[in-house]
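Numbering of ligands and ligand atoms starts at 1, following listing order.
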Amino acid sequence: MNVSLRAPDRAEAGDRAEFRDAVLAGLARSPRAIAPKFLYDARGSELFDAICELPEYYLTRTETGILTGCAAELARLAGPGCALVEFGSGSSVKTRLLLDAMPDLAAYVPIDISRQHLDATAGRLRRDYPLLRVEPVCADYMALEALPVDVNGAPRLGFFPGSTIGNLEPEEATSFLRRARTLLGDRGALVLGVDLKKDPQRLHDAYNDSAGVTAAFTLNLLRRMNRELGATFDLAGFAHDAWYDPVEGRIEIYFRSLWPQTVTVAGRTFTFAEGERVHTEYSYKYDDAGIAALARSAGFTIDRTWTDPARLFAVVYLEAAL
Ligand SMILES: C[S@@+](CC[C@H](N)C(=O)[O-])C[C@H]1O[C@@H](n2cnc3c(N)ncnc32)[C@H](O)[C@@H]1O
């Protein structure tokens with residue numbers, strides 16, 4: 001029988017097939033790993049928003065404070081009439097600081113992998129900014145060759161906040177930024193939010209909150225596999241595992257099997273030893289030299305850097321090097 005699917009259903013079927021293939025490959029390899037983008041189904045996106053509100057998660061509060069202070073200068077640097085292109089836009093909460101400071105934007109293009117969350121966010125923005133052209137793009141920003149929206153030649157200002165760059169391994173971060181450099185063009189600039197190296201205890205606490213929200217975010221991936229791939233993960237049999245590796249300069253996040261067990265995923269069987277882990281996420285932390293090297297390697301120059309007084313977080317304005 002030929003079943004024809006509506007475009008949104010086709011898109012969701014494509015998302016699910018990609019998720020299945022990535023999970024089966026990730027669980028078959030050694031060491032086991034599943035890419036962080038899969039943490040963000042609709043529930044994962046909600047849990048990430050809850051993480052941003054946690055007392056231990058200084059990142060969102062600090063970056064918001066920095067952006068509040070520098071939004072007017074960012075608007076001046078970017079100039080009038082540009083198109084704001086956000087990578088991994090989530091709920092676009094911090095974006096509103098830029099939207100308020102740049103009332104004459106040609107368009108706002110939020111790019112995110114989390115389809116339902118992106119559509120809901122775009123709806124709220126259209127309601128709150130009726131004069132703004134909002135053009136959501138559901139895509140993997142690591143695979144985007146060009147901007148799939150016509151912004152009529154407007155200069156492009158990229159926005160990549162939230163320390164999302166830290167989820168990328170160094171080579172991936174460079175290749176992402178090179179791609180962004182191409183996509184934003186020679187007149188383009190990029191506002192990048194970067195978490196800075198600091199006291200390991202502070203970092204550890206930020207990813208091991210006392211309310212268990214970060215743990216719920218990691219373990220939601222198991223729920224997603226159960227729901228979308230017919231997997232048989234027992235949520236009680238796995239734990240969130242996160243700590244800071246000072247040598248690599250990164251938080252490492254895993255889910256860990258609490259006892260020996262066998263799990264079926266999309267019809268395939270996987271055995272877990274007690275203590276066996278599946279990697280889900282890194283969060284790399286940077287210092288000034290690391291940020292400068294990253295920018296240089298991708299064809300950007302650093303025009304301005306803003307930090308908070310305690311130097312927990314940095315917002316960097318990068319311009320395309322010609
Ligand atoms: C750490 S959250 C940051 C959200 C928001 N920008 C902020 O600063 O609060 C990462 C966001 O990027 C999205 N994301 C993660 N990997 C992605 C990918 N490869 N392509 C597109 N979006 C991605 C997630 O769905 C999520 O909304």
Side-chain angles (χ1 to χ4, degrees), residues 11 14-15 18-19 22 26 33-54 57-68 71 84-99 108-122 124-125 136-145 147-149 157-169 171-173 175-177 179-180 183 190-195 206-207 213-214 217-218 220-221 224 242 250-251 253 280-285 312-316:
D15 293 348
E18 188 204 347
F19 180 44
I34 299 173
K37 64 181 177 181
F38 297 114
L39 292 163
Y40 294 92
D41 62 351
R43 179 70 185 139
S45 297
E46 281 171 14
L47 284 166
F48 179 75
D49 284 350
I51 289 172
C52 292
E53 303 284 325
L54 291 168
Y57 199 76
Y58 61 85
L59 292 87
T60 308
R61 271 192 316 280
T62 311
E63 187 180 32
T64 301
I66 298 171
L67 285 169
T68 303
L84 181 64
V85 179
E86 181 166 358
F87 302 96
S89 46
S91 292
S92 301
V93 174
K94 281 168 268 180
T95 320
R96 289 173 180 249
L97 295 167
L98 301 191
L99 300 181
Y108 170 53
V109 184
I111 303 171
D112 206 287
I113 196 107
S114 188
R115 193 175 294 280
Q116 284 179 32
H117 202 72
L118 177 68
D119 289 343
T121 298
R124 279 195 299 274
L125 287 171
V137 174
C138 184
D140 181 344
Y141 50 59
M142 297 300 288
L144 214 51
E145 295 296 338
L147 198 62
V149 172
L157 176 65
F159 188 36
F160 195 35
S163 171
T164 310
I165 189 86
N167 295 146
L168 305 178
E169 294 198 57
E171 320 78 67
E172 287 178 320
S175 100
F176 166 77
L177 284 184
R179 200 174 278 275
L183 190 142
L190 177 68
V191 179
L192 183 65
V194 189
D195 196 19
Y207 294 86
V213 183
T214 317
F217 176 69
T218 300
N220 179 60
L221 182 58
R224 182 179 184 186
R250 67 188 182 199
I251 291 278
I253 306 180
T280 56
E281 216 180 347
Y282 288 129
S283 185
Y284 278 84
K285 308 304 170 187
L312 298 176
F313 201 94
V315 171
V316 189

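The ligand atoms of ligand 1 that sit less than 4.0 angstrom from a heavy atom of I113 are 14 (N), 21 (C), 22 (N), 23 (C), 25 (O). The atoms of ligand 1 that sit less than 4.0 Å from any heavy atom of E86 are 6 (N). Distances below 4.0 Å separate heavy atoms of G162 from the following atoms of ligand 1: 8 (O). Of all atoms in ligand 1, numbered sequentially from 1 with element shown, those under 4.0 Å from a heavy atom of G90 are 27 (O).
What sits closest to atom 13 (C) of ligand 1 on the protein, heavy atoms only, is D112 OD2, 3.3 Å. Among all protein heavy atoms, the one lying closest to atom 23 (C) of ligand 1 is Y141 CE2, 3.3 Å. The protein heavy atom nearest to atom 3 (C) of ligand 1 is T164 OG1, 3.5 Å. At the top of the distance list for atom 19 (N) of ligand 1, counting protein heavy atoms only, stands D140 OD1, 2.8 Å. In terms of protein heavy atoms, atom 7 (C) of ligand 1 is closest to K94 NZ, 3.5 Å.
Within the 4.0 Å heavy-atom criterion, the part of A139 lying near ligand 1 is the backbone and not the side chain. Contacts between F48 and ligand 1 below 4.0 angstrom, taking non-hydrogen atoms only, involve the side chain exclusively.
Salt bridge status for E145 with R179: present, with a side-chain N to carboxylate O gap under 4.0 Å. In this structure, K94 does not pair ionically with E86, as no charged nitrogen and carboxylate oxygen lie closer than 4.0 Å.
Looking at T164, L168, N167, L144 one by one, the single match for side chain to side chain contact (heavy atoms under 4.5 Å, CB included) with F176 turns out to be L168.
Around atom 5 (C) of ligand 1, the closest heavy atom drawn from C52, S45, G88, S91 belongs to G88.
A donor-acceptor contact under 3.5 angstrom links the side chains of S114 and S45, judged on distance only.
To the nearest 0.5 Å, atom CD1 of residue I253 and atom OG1 of residue T280 are 5.5 Å apart. Atom-to-atom distance recorded for F217:CZ and L39:CG is 4.5 Å, nearest 0.5 angstrom.
Under the 4.5 Å side-chain criterion, counting only non-hydrogen atoms from C-beta, H117 is not in contact with D112.
Ring orientation note: the planes of F38 and F19 are tilted relative to one another, at an angle of 30° to 60°.
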